[in-house]
Structures are given as structure tokens and as C-alpha cells.
Amino acid sequence: MTIHAPSPSRPPKTAIVIAQRIVADINRMGNVPGDRLPPEHSMLSQYGVSRGTLREALRFLELQGVIKLKPGPGGGPIVQKPDSQSLEIALTLMLQFEKAPYRSIAESREGLEPILARLAAKRITPDLTERLTQSVTVMREKLADLPTFLEMNKVFHHVIAQASGNILLANIINALLDLLDGSSIGVDYSRVRREAILEAHERVHDAIIAGDEDAAEQAMLDHIHEYLVYLERRHPEALEWPVVWRSF
């Protein structure tokens, strides 16, 4: 049997190399969101590339949420802070081309969110404690207001992700939360269903506030598992729908 050596990896495009250098310089200079980067003519001289290559590098960074290109006089690249939306789009495209169903997202949440709840019980800060409590309070007060209820539902999970202190896991789960928006795939939220969600949130909230890591992890596991069971029972077709890239 003939064993072929692996093909050498292709060198990165020049525009990607320049994009990496720009990011390195942003970090080196200590730039923060809102800071302007040098104008185009300065960057052309600094990086020694053609205008087309520089613009391709800048467009790539804009798509990744690293900069914003402001048009017109006095415009140019402005530093931004990447968020989970870029990751969300990348995951969506990957899942779509793999023809993955929404079930894969729901199952991933069941595996990840209990870990985040455990970490949040250990690391949550006073300001995030206040935001977490507020989300539960508003959900309780606005139980009949579906749009507000669903918004507070997202806030609750986003706050726990942030409170975990694990940037990687938090960004992954934030991307998955937006991908698996039940209302966008036809899941109904009856009064009974909303009451069940509120009760689950209260249990998770109380465990996190108490600093009980085991209880927080179990309460979140129960919550996400119950949601998955609900989808299996009431909306099995939605779980099998392929993930597709929609407008965000």
C-alpha cells in the first residue's frame, strides 16, 4: 500500500496576513473601541501592500466585527469589539452546509448551560446579580406580555453566560441562544409554558445567588432538559428543521 505524504498547507492570502498584522498593532497600541486607525495612505505605507489588498484586509476585519469602516471625509477604520454575532454567523453557515438540524443546537445547550450556571454560582458579581434578579422580576410581572417575557428570557441566559467568567463558553452559548430562538422556528409559548419557564428560572436564580454550585448546575440541567422534552413532545418537526442563515 502506497502512503502519500499530506499536501502542504496553502500559505495564507496576503490580505489575511495584513489583517493579522493590523490586529496585532491594535493590541500593541492599546486601541479601544471607538479609536480611529491611521488613514488609508498611512496604512499603505506602513504595511507595504497595494490599495486592493489593504481594502480586502479591512473588509475582512469589518466582517469579523473588529473594525467599522466609516465612509466619507474624516472616515476610515474605527476599532470595534467583536461580539458573539460573528461567531453566530460562522456557526450558522457551518451547520447549514452540514445540513444539521436545530436538534444539534438544543442538545448543545443542554451540555453547556449547566456548566455556565455552576461557574456563575461561584463567580457572579453584584451588578450581574442585580441584572439576573431583575430579569426574573420582570418576567414575573410581564407574564402576559409575550415579547417582554421572551426578551427577559434571553437576558436571563445571557447574564448567566457573562457571569460564568468564561469568555469562550459565554460567547458560544450566546451564539447558540440566538440561533435557537424558539419563536423563530414556530414554538408556541402558552401561559402554562411561560409559567413553567419562570419557575425554572427562579430555581436557577436562587441557586446561583446562594452560591450553591451543585444546585445551580442541576437546576439549569433540569430546565434545559425539560425544554428539550417539551420540544420533542409538542414541536418535534421544529427540532428536525435544518439550520439556515436568516437575517439577524
Side-chain angles (χ1 to χ4, degrees), residues 5-100 105 108 112 116 123 125 127-128 131 151 154-155 157-159 161-181 184 242-248:
S7 301
S9 58
R10 299 168 67 182
K13 291 182 63 175
T14 302
I16 298 301
V17 174
I18 298 305
Q20 292 170 339
R21 288 180 59 188
I22 292 171
V23 170
D25 287 339
I26 289 173
N27 288 332
R28 180 176 57 82
M29 297 297 294
N31 293 123
V32 297
D35 285 354
R36 294 180 182 274
L37 295 183
E40 184 179 89
H41 65 86
S42 296
M43 297 182 84
L44 286 172
S45 175
Q46 179 179 356
Y47 297 112
V49 293
S50 68
R51 180 174 282 103
T53 296
L54 176 63
R55 290 180 175 177
E56 184 180 353
L58 293 174
R59 282 195 295 270
F60 174 80
L61 292 177
E62 185 177 36
L63 288 172
Q64 302 307 313
V66 175
I67 62 170
K68 178 181 180 180
L69 293 174
K70 184 178 179 181
I78 300 173
V79 176
Q80 292 194 132
K81 182 180 179 181
D83 57 27
S84 61
Q85 189 176 86
S86 297
L87 176 60
E88 177 186 348
I89 294 172
L91 286 174
T92 301
L93 290 172
M94 182 189 72
L95 293 171
Q96 181 167 348
F97 276 86
E98 291 290 341
K99 297 180 173 53
I105 302 173
S108 297
L112 291 175
L116 293 176
R123 298 173 176 171
T125 58
D127 61 316
L128 291 178
R131 287 179 57 195
E151 180 61 27
K154 278 190 176 182
V155 169
H157 289 278
H158 283 306
V159 169
Q162 185 178 355
S164 74
N166 188 301
I167 301 300
L168 176 59
L169 287 178
N171 277 288
I172 291 173
I173 203 62
N174 283 338
L176 294 181
L177 284 169
D178 290 333
L179 276 174
L180 189 64
D181 179 356
S184 69
V243 176
V244 295
W245 187 21
R246 296 185 175 91
S247 297
F248 292 96

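Scope of the values below: all heavy atoms of this structure, side chains included, with no hydrogens, waters or symmetry mates. The first residue of the sequence shown is numbered 1, and numbering continues consecutively from there.
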Are the side chain of [X] and the backbone of [Y] linked by a donor-acceptor contact shorter than 3.5 Å?
{"X": "D35", "Y": "V32", "result": "yes"}
{"X": "S164", "Y": "A161", "result": "yes"}
{"X": "E56", "Y": "A15", "result": "no"}

Are [X] and [Y] packed together at the side-chain level, in the sense that at least one heavy-atom pair is separated by less than 4.5 angstrom?
{"X": "L177", "Y": "H158", "answer": "yes"}
{"X": "P242", "Y": "K99", "answer": "no"}
{"X": "E40", "Y": "L44", "answer": "yes"}

Using the side-chain contact (heavy atoms from CB on, under 4.5 Å) definition, which of the options L61, V79, N31, I67 pairs with V23?
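By the side-chain contact (heavy atoms from CB on, under 4.5 Å) criterion, V23 pairs with just one of L61, V79, N31, I67: L61.
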
Just verifying a value: how many Å separate [X] [atom1] and [Y] [atom2], rounded to the nearest 0.5 Å?
{"X": "I18", "Y": "K13", "atom1": "CD1", "atom2": "NZ", "answer": "12.5 Å"}
{"X": "I105", "Y": "T92", "atom1": "CD1", "atom2": "OG1", "answer": "7.0 Å"}
{"X": "Q80", "Y": "L69", "atom1": "CD", "atom2": "CG", "answer": "9.0 Å"}
{"X": "L112", "Y": "I173", "atom1": "CG", "atom2": "CD1", "answer": "5.0 Å"}
{"X": "E88", "Y": "W245", "atom1": "CD", "atom2": "CH2", "answer": "10.5 Å"}
{"X": "S84", "Y": "L176", "atom1": "OG", "atom2": "CG", "answer": "9.5 Å"}

Could you tell me whether Q96 atom CD has more than 12 heavy atoms of other residues or ligands within 6.0 Å of it?
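Yes, the 6.0 Å shell around CD holds more than 12 heavy atoms from other groups.
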
Residue pair [X] / [Y]: nearest heavy atoms and the distance that separates them:
{"X": "R21", "Y": "Q46", "result": "NH2-O, 3.8 Å"}
{"X": "G165", "Y": "R123", "result": "C-NH1, 3.8 Å"}
{"X": "M43", "Y": "P38", "result": "SD-O, 3.3 Å"}
{"X": "R36", "Y": "I78", "result": "NH1-CD1, 4.0 Å"}

Can a side-chain donor-acceptor contact be found between D127 and T125 if the only test is distance below 3.5 angstrom?
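Distance-only check passes for T125 and D127.
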
After noting the C-alpha distance and the side-chain angles of I22 and F60, does the key distance pass the side chain to side chain contact (heavy atoms under 4.5 Å, CB included) rule?
CA-CA 11 Å; I22 292 171; F60 174 80; over 6 Å; no

